[in-house]
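Any value given below was found using the heavy atoms of this structure, including those in side chains, with hydrogens, waters and symmetry copies removed. Residue numbers count from 1 along this sequence.
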Amino acid sequence: IHTVLVDRITTTSETCTVGVDDVAGGRIAVEHLTERGHRRIAFIHGERTAVTENRLAGFYKTCAELGLEIPNAYVREGVYHDADRCAEETKFLLSLPQRPTCILFPDDFSAMGGYNAIAEAGLSIPEDISVMGYDGIYLSRVMSPKLVTYQQNTMMLGRTAADKLVQMVEHPRVTLAEQLLVTGKLLDGSKYIHLLTGIVYADGVAKDVVLVSAKLFVLVAVLDILYVFVKTKWLKHAKIKVFSENTVVMAFAVISSAAY
């Protein structure tokens, strides 16, 4: 019987396997976080399986290449799809004297436990700590804030497995049993803070809170005071009144467009 295993590893040379490139997943996650200024990265992984070992390999290898020293306390064993267990591990990480600036979770569902633990500690995402998931399920898009996650390409997994099985049935003499890996992609969240520059990004657009929001609020306050002063003390001309009111309204409109 011709067999193709999906997301499973086997030592049988006659069986073809199609799986996620979890080594690449661990590498992409670390590279993404370091690009945003993170150096203290924690990893709550799932049970000790081949999938977990590959993710850990990608994680540790990339950290070493980038010169990151990861304390043993930053790497915790959780359980896949267990939000409660991962919440407990999150609480442990938050209790450390020097807590991590970002936590990687074994999957998006488990990240919900992390969200809850962080909120219970009175911290905010991403202002106080960042979170990253794995899988890229729809849940990650409706969480608040949106979850940064590594999305597995499940459609390509299924298509590749089906194509390989058809080849094995139709051309058994020339089709080799092999291990095929499918790479996913990163789904960025709606908002993050670059730790080195202090710039806040929303939907990929830089929003410097100090240089944009604060200055605009000061501008509006000055215009508003000036308008009241002119209206009550000096000029009563209708055109100046209309101009002043419109100026204030336009300034508020600018702030609204810059808000996130």
- prompt: For L186 and M132, what are the C-alpha separation, side-chain angles and deciding distance, and is it a side-chain contact (heavy atoms from CB on, under 4.5 Å)?
  reply: CA-CA 10 Å; L186 193 76; M132 185 172 181; 3.0 Å; yes
message: Could you work out, with ring pair (Phe, Tyr, Trp, His ring centres under 6.0 Å) as the rule, every residue matching F105, not counting sequence neighbours?
response: none
field: side-chain hydrogen bond (donor to acceptor under 3.5 Å, both in side chains) partners of residues 113-123, not counting sequence neighbours, each pair once
entry: none
All N/O donor-acceptor pairs, side-chain side in residues 55-75, below 3.5 Å, sequence neighbours left out:
residue, atom, partner, partner atom, Å
R55, NE, D22, OD1, 3.2
R55, NH1, P106, O, 2.8
K61, NZ, E65, OE2, 2.5
T62, OG1, G58, O, 2.7
Y74, OH, Q98, O, 2.6

Would you indicate whether the side-chain heavy atoms of [Y] and [X] approach each other to under 4.5 Å?
X	Y	value
H81	D135	yes
V182	V20	no
M112	L139	yes
I129	L93	no
R36	D188	yes

Between [X] and [Y], is there shared hydrophobic-cluster membership here, with clusters defined by ILVMFWY side-chain heavy atoms closer than 4.5 Å?
X	Y	result
M155	L181	no
V174	L180	no
V23	I28	no

Set of side-chain contact (heavy atoms from CB on, under 4.5 Å) partners for [X], sequence neighbours left out:
X	result
A117	A87, T90, K91
A121	L94, L123
A24	D21, R27

For [X], all residues meeting side chain to side chain donor-acceptor pair (under 3.5 Å), sequence neighbours excluded:
X	answer
Q179	none
R76	E89
S110	D107
T49	T52

Other residues, nucleotides, ligands: >12 heavy atoms within 6.0 Å of Y80 OH: yes
Approximate separation, where rounding is to 0.5 Å, of [X] [atom1] and [Y] [atom2]:
X	Y	atom1	atom2	result
T149	K185	OG1	NZ	11.5 Å
I44	L104	CD1	CG	9.0 Å
F43	I103	CZ	CD1	12.0 Å
I118	D128	CD1	CG	9.0 Å
R48	E53	CZ	CD	4.5 Å
I41	T34	CD1	OG1	6.0 Å

Under 3.5 Å, side-chain donor or acceptor atoms of residues 160-171 against the rest of the protein: list the pairs with distances, not counting sequence neighbours.
residue, atom, partner, partner atom, Å
T160, OG1, M156, O, 2.7
K164, NZ, L176, O, 3.0
K164, NZ, E178, OE2, 2.7

query: Just by distance, do the side chain of R99 and the backbone of R40 share a donor-acceptor pair under 3.5 Å?
result: no
- prompt: Ignoring hydrogens and geometry, is there a side-chain-to-backbone donor-acceptor pair from D108 to I137 under 3.5 Å?
  reply: yes
query: Other than V79, what residues sit in its cluster of Ile, Leu, Val, Met, Phe, Trp and Tyr side chains whose heavy atoms are under 4.5 Å apart, directly or through others?
result: none
